[in-house]
Trainee: 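Below is one structure. I have some questions about it.
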Amino acid sequence: SAGAISALTLGRRVTLAQLLDKWTDAARYRNESPATTYANRKIVEAWLREAGVAKLTPAALQPAQLYDFINAPDGRSQG
């Protein structure tokens, strides 16, 4: 959520790749299976790589970059 991102990044330069690591580490507290965590991480890692946004901070991410990840070319959700 936006609040969690703000709490993690306030006063620091935390990249999207670093936040993904923190999210993965926190999976054990979410009652999420390791397989689900792994699969979700691989999806996000691919997007970070393909979109070239891994080194960006959340504040630097542009809506269009996220939109392209979430939506297929026909406008339907990929997730």
Side-chain angles (χ1 to χ4, degrees):
S1 75
I5 291 172
S6 294
L8 287 169
T9 62
L10 187 62
R12 297 184 299 201
R13 180 170 162 72
V14 179
T15 66
L16 293 171
Q18 291 168 324
L19 285 173
L20 179 60
D21 290 338
K22 291 179 183 298
W23 175 86
T24 302
D25 292 342
R28 64 181 157 216
Y29 304 110
R30 293 192 305 265
N31 283 335
E32 188 172 273
S33 78
T36 299
T37 300
Y38 178 81
N40 289 336
R41 181 181 175 93
K42 288 300 173 189
I43 291 168
V44 175
E45 282 177 338
W47 170 69
L48 290 174
R49 184 179 55 256
E50 291 167 13
V53 297
K55 294 182 180 180
L56 293 181
T57 64
L61 187 63
Q62 298 299 309
Q65 293 166 310
L66 191 54
Y67 179 88
D68 291 343
F69 170 62
I70 295 170
N71 296 288
D74 64 2
R76 296 179 48 182
S77 174
Q78 292 183 15

Trainee: CD/E45 to CG/L16 distance, rounded to the nearest 0.5 angstrom?
Mentor: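 One gets 13.0 Å once the value is rounded to the nearest 0.5 Å.
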Trainee: In this structure, would Y38 and I43 fall into the same cluster of hydrophobic residues linked by side-chain contacts under 4.5 Å?
Mentor: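 Not linked; separate clusters.
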Trainee: Do W23 and V44 make a side-chain contact, defined as non-hydrogen atoms from C-beta onward lying under 4.5 Å apart?
Mentor: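 Contact flag for W23/V44 side chains = no.
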Trainee: Ignoring hydrogens, what is the shortest heavy-atom contact between L19 and P58? Give both atom names and the distance.
Mentor: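 Distance-wise, the nearest heavy atoms are CD1-CG, 3.3 Å.
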Trainee: Minimum heavy-atom separation for R13 to Q18, with atom names?
Mentor: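 Taking R13 first and Q18 second, the nearest heavy atoms are O-OE1, 3.7 Å.
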Trainee: To the closest 0.5 Å, what do you measure between OG1 (T36) and CG (N31)?
Mentor: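 Here the interatomic distance stands at 11.5 Å.
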Trainee: If you look at every heavy atom in K55 and T15, which pair is closest and at what distance?
Mentor: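 Closest pair (atom of K55, atom of T15, distance): O-CG2, 3.4 Å.
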Trainee: Show which side-chain atoms of residues 47-54 pair as donor or acceptor with protein atoms under 3.5 Å away, not counting sequence neighbours.
Mentor:
unit_1 : atom_1 : unit_2 : atom_2 : d
W47    : NE1    : Q65    : O      : 3.4

